[in-house]
Amino acid sequence: MSWISVKQAAKAAPGTTVTLKGWVRTRRDSKADGGLSFIALHDGTCFDTIQIVAKGDIANYADVAKLTTHCAIEATGKVVQNPKGGNEVLVDGAGAGDGACIKIVGLVDDPDKYPIQPKPHSFEFLRELAHLRVRTNTFGAVARVRHSLSMAMHRFFDERGFFYVHTPIVTGSDCEGAGNMFRVSTLDFANMPRVKPEGAKTAAPDAPIDYAPDFFGKETHLTVSGQLNVETYCCALSKVYTFGPTFRAENSNTSRHLAEFWMIEPEIAFANLQDDAKLAEDFIKYLIQTMLNDRADDMKFFDERIEKGLLVRLKEVLDKPFRHLPYTDGIKILKEAIASGKAKFEYPIEWGKDLQSEHERYLTEQHFKQPVVLMNYPKQIKAFYMRENDPGTDGAPGPTVAAMDVLVPQVGEIIGGSQREERLDKLDARINEMGLPIKEYWWYRDLRRYGTVPHAGFGLGFERAMMFLTGMQNVRDVIPFPRAPKQCEF
RNA sequence: UCCCCGAUAGCUCAAUGGUAGAGCGAGCGGCUGUUAACCGCUAGGUUCUAGGUUCGAGUCCUAGUCGGGGAGCCA
């Protein structure tokens, strides 16, 4: 007899004796046939459980008949066909000679208080039990999809000759510019060192904090993006990506934001914005196709129970080419939509302003009904490192940069990227214009001094991709242990 | 951070300012190759916390905590 997974057992040849190890999901009993217990067993290897049929003539039947949800057992028995189709495992007295038995490995104390019951639970409730929620159908499926999705991302890049770069988590420069950062320090919060005036022995209590004695000898933070670091490797290895945790200390209380999340950021050399958009499209389609192939059982569950029509939505994204649209034309479409009464928006449309999510969703869901790549945004609303376009690009009334956002139905913005400014004079002008500390960017600027090349990249929030692919509505339900304002349990 | 809503049994929710209930889950029993099983019985409560109004508060008022939805920030 051999130990096999529930996944393997579903396909095992009838007649073989096997051992399964896992947890009870439900137990039902019958008095027929001298006593029978039907145990739905799961071990996480696939979505479905397998049914163990324990007959009343086994030695410890009285104990087996008391098993409750999530008791751990080892069951050895014969693979047989269920009268209604599919495999099940029969454990009976007749098989004792072949070792048929049910070993009780771990019981559940106080089963009436065990919080994960074989019944629907709200996600809000399960969020408070992040250590137990993975035992449910939904969170087991999320965990498997999350694994497969990260493997698929690595495979996509590996197959195309990209190198995986481990960019740092702790960052010494405050030049990344994306929102509030978490501080990293070994200083004593109760007794912070202060900068002393020259020659003085003591500092004023309200003097600036002295970071010289801190661990790194300077102010440090958790990274908000690996992009600037990964650009350095791009300018030597040509095609690279980074995939790691990212931290934002924003006080964002929404279903789409986390304080700690995972981000994937490819960067390609000798490439422009069109190349970048092509990469993004290929990437998203590859991920969809791979999840449909590799996680068919879990995806079917999401389609049936989490978002009706999920599979149709994903297949539509797969089938249609992404629609490329200049920002400037997007503004025209939105203004026409208002003028003709086709759409009403809370926020006004104006060239030079960032689009609100209601605008993005109108374009991708109502107007085009397909994924849209919006390109060439006004310079004034975008980051310093984005490449400035030639004046008059797309007939824009003002200066634009080579930025792109990929918008998809149901989710909105899923990818943000750009071609990077490779010209040192233009980059410096932009840094100064935005009042950024140019000294801090010395190494980033070096890339433009020593063999600079056009290059481009994008960022994809891993959890946003999870939501897009599973139909899960809250970002806190697609990461094992969510970290958000006032939430760092487990 | 702002706006709105909410917190009652293990879970999901009821309960005109006047004796806290149901369904599911759990325990026991019945029936049944059962599979969201079904039927009967039983147990299960600091009504989020702290104040206040009232003869009397789950219910009304104030503050706080936590949760949800939306917005902003963004990925």
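We name chains A, B, ... by the order of the sequence lines, and we start the count at 1 in each one.
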Q: Just need the stems in RNA chain B: three or more back-to-back Watson-Crick or G-U pairs, each with both distances under 3.5 angstrom, sorted by first number.
A: B:1-7 with B:65-71, B:10-13 with B:21-24, B:26-30 with B:38-42, B:48-52 with B:60-64

Q: Show the distances under 3.5 angstrom between N or O atoms of the protein and N or O atoms of nucleotides 24-35 of chain B.
A:
from	atom 1	to	atom 2	distance (Å)
B/C24	O2	A/Lys119	NZ	3.3
B/G25	O2'	A/Gln117	OE1	3.4
B/G25	O2'	A/Gln117	NE2	3.3
B/G30	OP2	A/Lys31	NZ	3.4
B/U32	N3	A/Asp29	O	2.8
B/U32	O4	A/Asp29	O	2.8
B/U32	O4	A/Ser30	N	3.2
B/U32	O4	A/Lys31	N	2.8
B/G33	N1	A/Glu88	OE2	2.5
B/G33	N2	A/Gln51	NE2	3.1
B/G33	N2	A/Asn82	ND2	3.4
B/G33	N2	A/Glu88	OE1	2.3
B/G33	N2	A/Glu88	OE2	2.7
B/U34	O2'	A/Arg28	NE	3.3
B/U34	O2	A/Arg28	NE	3.1
B/U34	O2	A/Arg28	NH2	3.3
B/U34	O2	A/Gln51	OE1	3.4
B/U34	N3	A/Gln51	OE1	3.0
B/U34	N3	A/Gln51	NE2	2.8
B/U34	O4	A/Gln51	NE2	2.7
B/U34	O4	A/Asn82	ND2	2.9
B/U35	O4'	A/Arg28	NE	3.1
B/U35	O4'	A/Arg28	NH2	3.4
B/U35	O2	A/Gln51	OE1	3.4

Q: Quick one: A/Glu360 CD to B/C74 P, roughly how many Å, whole number?
A: 12 Å

Q: Can you see which heavy atom on A/Val478 is nearest to which on A/Thr470, and at what distance?
A: CG1-OG1, 4.3 Å

Q: To the side chain of A/Ser255, which of B/A71, B/U12, B/G69 is closest?
A: B/G69

Q: For A/Arg256, report the nucleic acid contact type (base, sugar-phosphate, nothing); a contact means any heavy atom under 4.0 Å.
A: base

Q: Are the aromatic rings of A/Phe157 and A/Phe243 close, with centres under 6.0 Å apart?
A: no

Q: Checking all strands, does A/Phe123 fall into the base, sugar-phosphate, or nothing category for heavy-atom contacts under 4.0 angstrom?
A: nothing

Q: Expressed in angstrom and rounded to an integer, what is the separation of A/Glu358 atom CD from B/G72 atom C1'?
A: 13 Å

Q: Just by modelled atom types, is the A/Val230 backbone N or O under 3.5 Å from a matching donor or acceptor in the A/Glu265 side chain?
A: no

Q: Any side-chain to backbone donor/acceptor pair from A/His154 onto A/Met151? Under 3.5 Å, distance only.
A: no

Q: In whole angstrom, what separates A/Leu126's CG from B/G68's P?
A: 12 Å

Q: How far does the C1' atom of B/U12 sit from the matching atom of B/G67, given to the nearest Å?
A: 15 Å

Q: Please find out if less than 6.0 Å separates the ring center of A/Tyr241 from that of A/Tyr164.
A: yes

Q: At under 4.0 Å between heavy atoms, how does the protein contact nucleotides 1-6 of chain B? Give one character per nucleotide, 5' to 3', with B, S or -.
A: B-----

Q: Do A/Lys342 and A/Tyr362 make a side-chain contact, defined as non-hydrogen atoms from C-beta onward lying under 4.5 Å apart?
A: yes

Q: Please determine if A/Lys308 and A/Glu304 form a salt bridge, counting it only when a charged side-chain N lies under 4.0 Å from a carboxylate O.
A: no

Q: Taking the same atom, C1', in B/G69 and in B/U19, what whole-Å distance lies between them?
A: 37 Å

Q: Looking at A/Phe162 versus A/Phe156, is the centre-to-centre ring distance below 6.0 Å?
A: no

Q: Looking at A/Asp354, A/Thr400, A/Asp405, which one forms a side-chain hydrogen bond (donor to acceptor under 3.5 Å, both in side chains) with A/Tyr377?
A: A/Asp405

Q: Please measure how far the P atom in B/A26 lies from the corresponding atom in B/C11, and state the result in whole Å.
A: 15 Å

Q: Atom NE2 of A/His121 and atom P of B/G23: how far apart are they, to the nearest Å?
A: 18 Å

Q: If we take the C1' atom in both B/C48 and B/G68, what is their distance in whole Å?
A: 15 Å

Q: Measure NZ/A/Lys353 against C1'/B/G72 and give the value in whole Å, please.
A: 14 Å

Q: In whole Å, what is the span from the CD atom of A/Glu250 to the P atom of B/G72?
A: 14 Å

Q: Spell out yes or no: do the side chain of A/His257 and the base of B/C74 have one donor N/O and one acceptor N/O closer than 3.5 Å?
A: yes

Q: So which one's nearest nucleotide on RNA chain B is more toward 5', A/Gln473 or A/Leu258?
A: A/Gln473

Q: Do side-chain atoms of A/His359 reach the backbone of A/Tyr347 as a donor and acceptor pair under 3.5 angstrom?
A: yes

Q: Base, sugar-phosphate, or nothing: which does A/Ser122 touch, judged by heavy atoms less than 4.0 Å apart?
A: sugar-phosphate

Q: Does A/Phe468 offer a backbone N or O that forms a donor-acceptor pair with the side chain of A/Arg313 under 3.5 Å?
A: yes

Q: Check every atom of B/G67, B/C73, B/G72 against the side chain of A/Gln356 and return the nucleotide holding the closest atom.
A: B/G72

Q: For A/His455 and A/Gln419, test the side chains for any donor-to-acceptor distance below 3.5 angstrom and give the result as yes or no.
A: no

Q: If you measure from the P atom in B/G58 to the same atom in B/A7, how many Å do you get, rounded?
A: 14 Å

Q: Give a yes or no on this: more than 12 heavy atoms of other residues, nucleotides or ligands lie within 6.0 Å of atom CZ of A/Arg155.
A: yes

Q: Rounded off to whole Å, could you give me the CD-to-C1' distance for the A/Gln487 and B/G67 pair?
A: 10 Å

Q: For atom C1', what is the distance between B/G21 and B/C61, given to the nearest Å?
A: 27 Å

Q: Can you tell me how far C1' in B/G18 sits from the matching atom in B/G10, rounded to whole Å?
A: 30 Å

Q: Using a heavy-atom cut-off of under 4.0 Å over every strand shown, decide if A/Phe125 touches base, sugar-phosphate, or nothing.
A: sugar-phosphate

Q: In whole angstrom, give the distance that lies between atom CG of A/Leu355 and atom C1' of B/G72.
A: 16 Å

Q: I'd like the P distance from B/G44 over to B/U62, given in whole Å.
A: 37 Å

